[in-house]
Q: 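This is the structure, below, for whatever I ask next.
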Amino acid sequence: MPELPEVEVTRRSFADAIEGARVEAVRLGKPLRWPLGIEPGALKGQRVGQALRRGKYLWLPLEKGGLLMHLGMSGSLNFSAASSAPGFHDHFDLQTDRGLLRLTDPRRFGAVVWSPSLEDDPAAKLLSTLGLEPFDPRFDGAHLHAGLSGRRVAVKLALLAGDIVVGAGNIYACEALFRAGIDPRVPAQKVSRPRAAKLAAAVRGVLAQALEAGGTTLRDFKDAHGVAGSFQMQAEVYGREGLPCLHCGTKIKRIVQGARSTFFCPSCQKR
DNA sequence: AAATCGTCCTGGCGGC
DNA sequence: TGCCGCCAGGACGATT
């Protein structure tokens with residue numbers, strides 16, 4: 001599932017190659033999460049700018065507005081000089097004079113939405129609830145602690161909500177909580193200031209490490225050149241139910257929080 | 001305001 | 001072996 005590292009790895013893998021390209025054609029496949037919001041033909045002839053990332057969204061600027069893209073659960077973007085016939089799960093093609101940018105997304109939770117700018121709807125609305133970027137210097141223990149305060153939900157769910165800090169989805173939230181030694185079930189408001197600082201550092205650390213590993217590839221994820229990530233090899237708790245904790249040997253436990261699996265070590269992670 | 005729940009979708013897997 | 005049913009999972013939008 002593309003989380004921040006996967007989206008950033010994707011961005012880096014095609015941003016330079018596509019910048020300055022001119023749109024030649026747009027092809028839509030099956031409907032994605034939201035409609036494109038503009039007549040595809042209207043994009044023709046426009047130059048592509050520098051791709052940006054905000055949270056798990058990508059913003060591909062065009063001369064008039066731009067495209068806000070989300071990879072959803074199973075999406076990946078591919079950019080190749082040679083164009084090819086679309087496959088069954090290819091639902092958005094941006095043909096340019098430098099190559100074809102294609103969104104492949106079997107589950108179609110992803111989206112490509114045209115917006116007149118990042119400051120106008122629909123992009124502004126979609127981005128308005130997002131918390132700080134994890135590598136923003138303002139994201140620290142104080143910020144995280146303030147964000148967690150007054151919330152009775154489990155700290156794991158507060159992290160996943162993305163309104164305090166963006167980018168940590170299910171895998172990295174589990175990993176960060178393990179690194180910080182915090183039980184994922186602890187009510188958010190019960191996380192002390194020092195532990196919040198530890199957790200903030202853990203979130204940054206795990207996302208940075210995943211970025212270096214090219215992201216996590218469980219099934220579908222590939223960067224824009226088809227390269228898979230390898231962070232799944234370094235995960236300490238995610239997907240390791242029943243296996244011994246790499247630190248203490250206790251069996252890793254799996255519970256369900258907010259209809260999602262949480263993996264944690266009952267010994268290393270305290271309330 | 002915060003929390004909960006429904007919703008979207010389909011490959012893959014467990015069960016029989 | 002083949003079919004069926006269930007589930008994961010990001011995040012919005014509605015509801016309580």
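In what follows, chains carry the letters A, B, and so on, assigned in the order in which the sequence lines appear, proteins first and then strands, with residues in each chain numbered from 1.
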Q: Taking only side-chain nitrogens and oxygens of Arg33(A), does any of them come within less than 4.0 Å of OP1 or OP2 of dA11(C)?
A: no
Q: Take the protein atom CZ of Arg107(A) and the nucleotide atom P of dG12(B), then report the distance between them rounded to whole Å.
A: 9 Å
Q: State the SG-CG distance between Cys268(A) and Asp183(A), to the nearest 0.5 angstrom.
A: 11.5 Å
Q: Side-chain N or O of Lys30(A) versus OP1/OP2 of dC9(B): is the shortest distance under 4.0 Å?
A: no
Q: Closer than 4.0 Å, any side-chain N/O of Lys56(A) to the OP1 or OP2 of dA11(C)?
A: yes
Q: To the side chain of Thr129(A), which of dA3(B), dC12(C), dG10(C) is closest?
A: dC12(C)
Q: Touch check for Arg108(A), heavy atoms < 4.0 angstrom, all strands: base, sugar-phosphate only, or nothing?
A: sugar-phosphate
Q: So, Arg185(A) side chain and Lys156(A) main chain: donor-acceptor pair closer than 3.5 Å or not?
A: no
Q: Taking only N and O in the side chain of Ser74(A), is any of them less than 4.0 Å away from OP1 or OP2 of dG9(C)?
A: no
Q: For the pair made of CG in Leu157(A) and C1' in dA2(B), what is the distance, rounded to whole Å?
A: 13 Å
Q: Just how far, in rounded Å, is C1' of dG9(C) from CG of Leu159(A)?
A: 17 Å
Q: Asp121(A) has an atom CG; how far is it from atom P of dG13(C), in whole Å?
A: 10 Å
Q: Relative to the 5' end of DNA chain C, which residue comes earlier, Leu130(A) or Tyr238(A), by the nucleotide with the nearest heavy atom?
A: Tyr238(A)
Q: Count the heavy atoms belonging to other residues, nucleotides or ligands that lie under 6.0 Å from NZ of Lys30(A), then report whether that count exceeds 12.
A: yes
Q: Expressed in angstrom and rounded to an integer, what is the separation of Phe109(A) atom CZ from dG11(B) atom P?
A: 13 Å
Q: Using the six-membered ring wherever Trp is involved, compare the ring planes of Phe79(A) and Phe14(A) and label them parallel, tilted or perpendicular (cut-offs 30° and 60°).
A: tilted
Q: For the side chain of Arg260(A), starting at C-beta, report the closest nucleotide among dT4(B), dG13(C), dG10(C).
A: dG10(C)
Q: Would you indicate which nucleotide in dT4(B), dC9(B), dG10(C) comes nearest to any side-chain atom of Met73(A)?
A: dG10(C)
Q: Base of dA2(B), side chain of Arg152(A) - is there a donor-acceptor contact under 3.5 Å?
A: no
Q: Atom CD1 of Ile171(A) to atom P of dA8(C): distance rounded to whole Å?
A: 14 Å
Q: Just how far, in rounded Å, is P of dG9(C) from NE2 of His70(A)?
A: 15 Å
Q: Expressed in angstrom and rounded to an integer, what is the separation of Asp163(A) atom CG from dC12(C) atom P?
A: 10 Å
Q: Answer yes or no: side-chain N or O of Arg151(A) and base N or O of dA1(B) forming a donor-acceptor pair under 3.5 Å.
A: no
Q: Are His247(A) and Phe178(A) an aromatic pair by the rule of ring centers under 6.0 Å?
A: yes
